[in-house]
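Bear in mind that the values here come from a model prediction, so they are computed numbers and not experimental data.
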Amino acid sequence: MASPGWLRTILVILLALVWAQNESGAQTPGTSPAGGGPQAQQKKHHPWNVWENKAFSVTFIFTPVFDFSGFVQDANNLEQVGDQPTKGEFRAERIMFLGKLNFKRPWGFLFAWNYNGFEAAQGNHFSNLDARLDIPLFNLGTLKIGRQKVGLSQEWLMPGVDMVFTERSTTDLSFVPQRNVGAMLTNTFADKRGLWSAGWFNDWFANDLSFQANGNQYTGRISYLPVDRDEGRTIVQVAAGLYYKEAQNGELRFRARPEVNEADYFVGTESFPADHSTTTQLEATVQKGRSMIWGALDLTPVAAPQAHNPFFWGGYIAASHVLAGEPRHFNRNNGYYTSVKPPRSTLCRGGWGGWEVGMRYTYTDLSSGTIDGGRIGRWTPALSWYPSGGWRLEANYGWIFLVRGGITGYASAFQGRIQWSPPGG
């Protein structure tokens, strides 16, 4: 039987969703009749979660996400990682405020928290995700200061709820963190066909370490669209990124779950003496109409003489096709693809909503030198259904092999997700 805490959490989310759906249906942008006079223009409605005045504008986003997963493991895999039970969790009950401060050159801001549920330990109900200020520096670009995404790969740039698959690849999970505290300068070029960024990060004050002991992190990324025609219906994007990470207290560690957040770590090193690591990432994406194919390669040499300077690497290749609905669009300001939008014939209007299928293969090798962190590969077919509004239901299956400890184990992972996002989310 569900605990009272879980029941209260579910009740709060359901009430919020019902209210939000009613509000968004009653206040739809652009409902004023065509040709209306000044009075009609003054009554222009905004989405329920958007507030604007002369000084600032702000959008409120509440995105609940519930994940569940289960495993089937052979004897070798059980020996490698132990029994992985069937689990369900509120992966995110995310609360975000983003908008602009209306100076002569507007500043942007983003504040985001994750609500961890009534069942969380006292004082841990909320965890901070983002606290960022975006300051325009004339034609040089935009300076982003605070806790933010480090911005190396498209997988990390894209919001998790908009991705084709429920989880990011083991490659990105192993080598690059999603967020840190620091500063990043970014700008577009070539009429927004290109985008570059450069950043520095160090959250020593959050780790109770000295600035030097915590280690600096430096990032750089550049992407470009060599093919961009038919009003964005055919796009080829290429990108290269660099992530330099200094050791923390003289040690480094790399690890990743098997693209299942509820699972234990399948591949991973223990902390070992090192000076720094350098991850070079190469990416390419091709989109034509409703279809996309993309891939990435990560190369990570580690300066660690005592471990014989290990060389870790990984990559993935993926494809997707939108069966019904509005296909993904390329966000030229941020360098990633938007989510699928359901067609007009949603489930609430006599149709079946939007559908998308995907397939991905990932491989990550954390065994090199004297380090045996394991090698993992995974095939992932995915199916997403967008029945109406901001709803999305997703199912993933993972066929996994793991080479670690001198043996090869196999496992199958079954994953599901239910999520909802308001307008603008």
Side-chain angles (χ1 to χ4, degrees), residues 24 27-32 36-63 94-113 128-152 154 156-159 162 179-203 205 218-225 228 231-232 239 329-339 421-425:
S24 61
Q27 298 184 18
T28 304
T31 54
S32 299
Q39 184 176 2
Q41 294 296 326
Q42 291 176 3
K43 293 182 178 181
K44 179 182 177 182
H45 292 297
H46 293 285
W48 64 271
N49 58 325
V50 177
W51 298 274
E52 295 180 339
N53 58 38
K54 292 182 179 180
F56 65 88
S57 64
V58 60
T59 299
F60 166 71
I61 296 176
F62 173 60
T63 304
R94 192 158 297 176
I95 300 170
M96 301 173 62
F97 293 90
L98 67 156
K100 292 183 178 181
L101 304 175
N102 294 326
F103 300 130
K104 185 175 182 180
R105 286 177 173 266
W107 291 19
F109 62 85
L110 170 61
F111 297 97
W113 299 266
N128 180 41
L129 293 177
D130 299 277
R132 193 187 80 210
L133 194 61
D134 299 349
I135 305 172
L137 297 181
F138 303 98
N139 294 328
L140 186 59
T142 300
L143 181 64
K144 300 180 178 182
I145 301 176
R147 179 171 170 79
Q148 58 187 295
K149 292 184 176 182
V150 300
L152 183 65
Q154 184 171 159
W156 282 131
L157 289 170
M158 180 181 291
D162 291 345
R179 291 177 170 86
N180 205 335
V181 177
M184 182 166 60
L185 184 65
T186 182
N187 203 356
T188 61
F189 63 94
D191 196 24
K192 293 191 176 181
R193 292 181 66 166
L195 178 69
W196 64 265
S197 66
W200 162 81
F201 302 90
N202 192 320
D203 60 348
F205 51 85
Y218 303 95
T219 65
R221 175 180 167 88
I222 185 168
S223 62
Y224 184 69
L225 306 179
D228 181 14
E231 297 182 352
H329 295 282
F330 186 69
N331 184 324
R332 297 170 186 272
N333 292 318
N334 297 302
Y336 61 79
Y337 286 87
T338 62
S339 180
S421 299

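Considering only residues two or more places apart in sequence or on other chains, Arg132 meets the salt bridge (Lys or Arg N to Asp or Glu O under 4.0 Å) condition with Asp134. Evaluation of the side-chain contact (heavy atoms from CB on, under 4.5 Å) rule for Leu143 yields Leu137, Ile145, Ala183, Leu185 as partners, not counting sequence neighbours. With sequence neighbours left out, the ring pair (Phe, Tyr, Trp, His ring centres under 6.0 Å) criterion links Tyr336 to no other residue. Residues passing the salt bridge (Lys or Arg N to Asp or Glu O under 4.0 Å) test with Arg179 are Asp130, sequence neighbours excluded.
A donor-acceptor pair is defined here as one N or O able to donate and one able to accept, closer than 3.5 Å; such a pair exists between the side chain of Asn187 and the backbone of Leu140. Remark: the backbone N or O of Phe60 is paired with a side-chain donor or acceptor of Asn49 at under 3.5 angstrom. A side-chain donor-acceptor contact under 3.5 Å links Thr338 to the backbone of His329. A donor-acceptor contact shorter than 3.5 Å is absent between the side chain of Gln148 and the backbone of Asn180.
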What donor-acceptor contacts under 3.5 angstrom involve side-chain atoms of residues 98-109, with partners at least two apart or in another chain?
| unit_1 | atom_1 | unit_2 | atom_2 | d |
| --- | --- | --- | --- | --- |
| Asn102 | ND2 | Asn53 | O | 3.3 |
| Asn102 | ND2 | Lys54 | O | 3.2 |

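Residues Leu157 and Gly335 approach most closely at CD1-O, 4.3 Å, considering heavy atoms. Taking every heavy atom of both residues into account, Tyr224 and Ala190 meet most closely at CE1-CB, 4.0 Å. Minimum interatomic distance between Arg94 and Leu129 (heavy atoms only, all atoms of both residues): NE-CD1, 3.1 Å.
Heavy-atom contacts from other residues, nucleotides or ligands closer than 6.0 Å to OH of Tyr218 number more than 12.
Rounded to the nearest 0.5 Å, atoms CZ (Phe97) and CZ (Phe62) are 11.5 Å apart. Note: Leu195 CG to Arg221 CZ = 7.5 Å, rounded to the nearest 0.5 Å. Of the inter-residue distances, the one linking Lys149 atom NZ with Leu110 atom CG reads 9.5 Å to the nearest 0.5 angstrom. Distance OG1/Thr186 to NZ/Lys144: 5.5 Å, rounded to 0.5 Å. Taken from NZ in Lys192 to CG in Asn331, the straight-line distance is 9.0 Å, to the nearest 0.5 Å.
Counting only heavy atoms from C-beta outward, the side chains of Tyr337 and Met158 approach each other to under 4.5 Å.
Between Arg332 and Asp191 no salt bridge is recorded (no basic side-chain N to carboxylate O distance below 4.0 Å).
The side-chain hydrogen bond (donor to acceptor under 3.5 Å, both in side chains) pairs that include a residue from residues 193-202 are Trp200-Asn216, Asn202-Asn214, Asn202-Asn216, where partners are two or more places apart or lie in different chains.
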